[in-house]
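Since the structure is predicted, the reported quantities are computational estimates derived from the model, not experimental observations.
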Amino acid sequence: MTHSALLTLAVALGLRHGVDPDHLAAIDGLSRLRPSRWNGVLFAIGHGIVVTLLAVGVGGLLARSIGPYTPWLLILLGAINLWRLQKPVTHRHRGFSRVARSSPLLLGILFGAGFETASQLSALILAADVNPWLLGLTFSAGMMLVDGIDGYLAARTQNQAIAGGRRALRASRSLGIFVVVFSFGLGGAELLKLDIDRFALPLGCVLFWSARETSGETHANSIARTEPYRL
C-alpha cells in the first residue's frame, strides 16, 4: 500500500472516530455550558495526541489508569446538563464557563485513553514505512473536521438561544435532552461492559444531525427576544 493510500486511510479512520457518539455527547454537552466554536477542535486535538502516543507505544500505563473513569465523566456531564435543563435562564453560566474553559482539551485527552482506536492506528503504523507521527497527525485532522463542525453547530445553537429567540431556546433544549440521554446511555453501557460498537456509527450520526438540525432551525429566529425559557 502506498504512503498516500495509508494517509488517506488514517484520515478516514479519524473521520469515522470523530462521529463516535461519546465524542459528540461530550462536545455538545460542553457547548451547552460554554458555547465556544472551538470546543470540538480542542477536544479532537487532545484526543488525537493521546491516541497517537498510545499507537507509538507511549503512555500505556497512564491510559490504563485513566480509562475506567471516562464513563463516569460522561455521566457527570450528562447530570450537569440535566440540571441545566431545569433552570429557566437565558444567560451564560459564568461559573461553568470558568470551569469549562480548558475542559474540551482535557476531556479529549481523557477520552483518548481507550485502546481500540489506538490499536487500529498501531496496525497502520506497523504495516507501513511511514512516520508514525505523520499518521497520527492525519488521523487527528480527520477527527478535527467532524468534531470541529459539530462543536461549531452546537455552540451556534446555544449562542442563538442565549439571544432569546423562542425557537432557539426550544432547539437548545432538544439538544440538551439528546446530550443527557446519550451521556447516561453510553456511560452506563460502558460501565456494564455492553458491546454497542455496532450501533456507534448510527447513534453518532443521530447526535451530529441533531446539532445540525437545531442550529439550522435557530438561524432565522435568534434576533427576537422572549421571556425566559428553560434552556
Side-chain angles (χ1 to χ4, degrees), residues 18-44 47 73-108 111 144-188 202-231:
V19 187
D20 275 1
D22 58 337
H23 283 215
L24 303 182
I27 294 166
D28 293 348
L30 280 173
S31 294
R32 298 192 73 254
L33 304 179
R34 177 181 178 263
S36 168
R37 69 183 63 183
W38 299 105
N39 283 341
V41 172
L42 291 173
F43 181 96
H47 194 82
L73 290 174
L74 194 57
I75 291 172
L76 176 61
L77 190 60
I80 294 174
N81 274 272
L82 179 60
W83 174 83
R84 177 78 180 268
L85 284 170
Q86 310 306 313
K87 309 301 288 185
V89 294
T90 55
H91 61 275
R92 302 176 191 271
H93 286 249
R94 298 300 179 185
F96 281 132
S97 293
R98 287 191 293 268
V99 172
R101 193 168 302 278
S102 61
S103 293
L105 184 64
L106 178 60
L107 267 188
F111 274 66
M144 278 191 287
L145 178 61
V146 175
D147 290 345
I149 292 174
D150 180 74
Y152 170 78
L153 294 176
R156 188 172 74 170
T157 295
Q158 189 67 10
N159 281 323
Q160 291 174 344
I162 291 170
R166 179 177 292 275
R167 293 185 65 184
L169 290 163
R170 288 175 177 169
S172 175
R173 181 171 173 79
S174 297
L175 182 59
I177 292 172
F178 272 107
V179 168
V180 170
V181 171
F182 275 69
S183 296
F184 286 159
L186 295 170
L203 287 175
C205 290
V206 167
L207 194 53
F208 186 88
W209 188 260
S210 71
R212 175 188 180 279
E213 284 293 283
T214 54
S215 181
E217 181 186 29
T218 61
H219 180 68
N221 300 283
S222 60
I223 298 177
R225 305 289 299 184
T226 64
E227 70 274 9
Y229 191 83
R230 291 186 187 276
L231 202 58

With Leu76 via side chain to side chain contact (heavy atoms under 4.5 Å, CB included) - residues at least two apart = Ile80
key: Non-hydrogen atoms of Met144 and Ala44 that approach each other most closely   = CG-CB, 3.4 Å
task = Name the orientation class of the two ring planes belonging to Phe43 and His47 (parallel below 30°, tilted from 30 to 60°, perpendicular beyond 60°).
result = parallel
task = Return the minimal non-hydrogen interatomic distance between Asn159 and Pro35, and the atom names on each side.
result = OD1-CG, 3.3 Å
request  = Indicate whether any N or O donor in one side chain lies under 3.5 Å from an N or O acceptor in the other, for Ser172 and Gln158.
outcome  = yes
task = Could you list the residues that satisfy side chain to side chain contact (heavy atoms under 4.5 Å, CB included) with Val181, not counting sequence neighbours?
result = Ile177
remark   = Taken in chain and number order and not counting sequence neighbours, the residues that satisfy side chain to side chain donor-acceptor pair (under 3.5 Å) with Asp28 are none
Interatomic spacing from CG in Asn81 to CZ in Phe184 - rounded to 0.5 Å = 9.0 Å
message = A side-chain contact here means heavy atoms from C-beta on lying under 4.5 Å apart; do Leu24 and Val179 qualify?
response = no
message = Less than 4.5 Å apart, side chain to side chain, heavy atoms only: is that true for Ile75 and Ser183?
response = no
message = Working note: Leu203 + Asp20, criterion side chain to side chain contact (heavy atoms under 4.5 Å, CB included); need CA distance, chi angles, decisive distance, verdict.
response = CA-CA 8 Å; Leu203 287 175; Asp20 275 1; over 6 Å; no
ask   = At their closest point, which heavy atom of Arg34 faces which heavy atom of Asn39, and how far apart are they?
value = O-ND2, 2.9 Å
request  = Could you grab the distance from atom CG of Leu175 to atom OG of Ser31, nearest 0.5 Å is fine?
outcome  = 8.0 Å
key: Which atom of Asp22 lies closest to which atom of Leu186, heavy atoms considered   = N-CD1, 3.6 Å
key: Any donor-acceptor pair under 3.5 Å from Arg37 side chain to Arg156 backbone   = no
key: Atom of Val180, atom of Leu85 and distance for their closest heavy-atom approach   = CG2-CD1, 3.9 Å
From Leu74, Leu42, Leu73, residue fulfilling side-chain contact (heavy atoms from CB on, under 4.5 Å) relative to Leu107 = Leu73
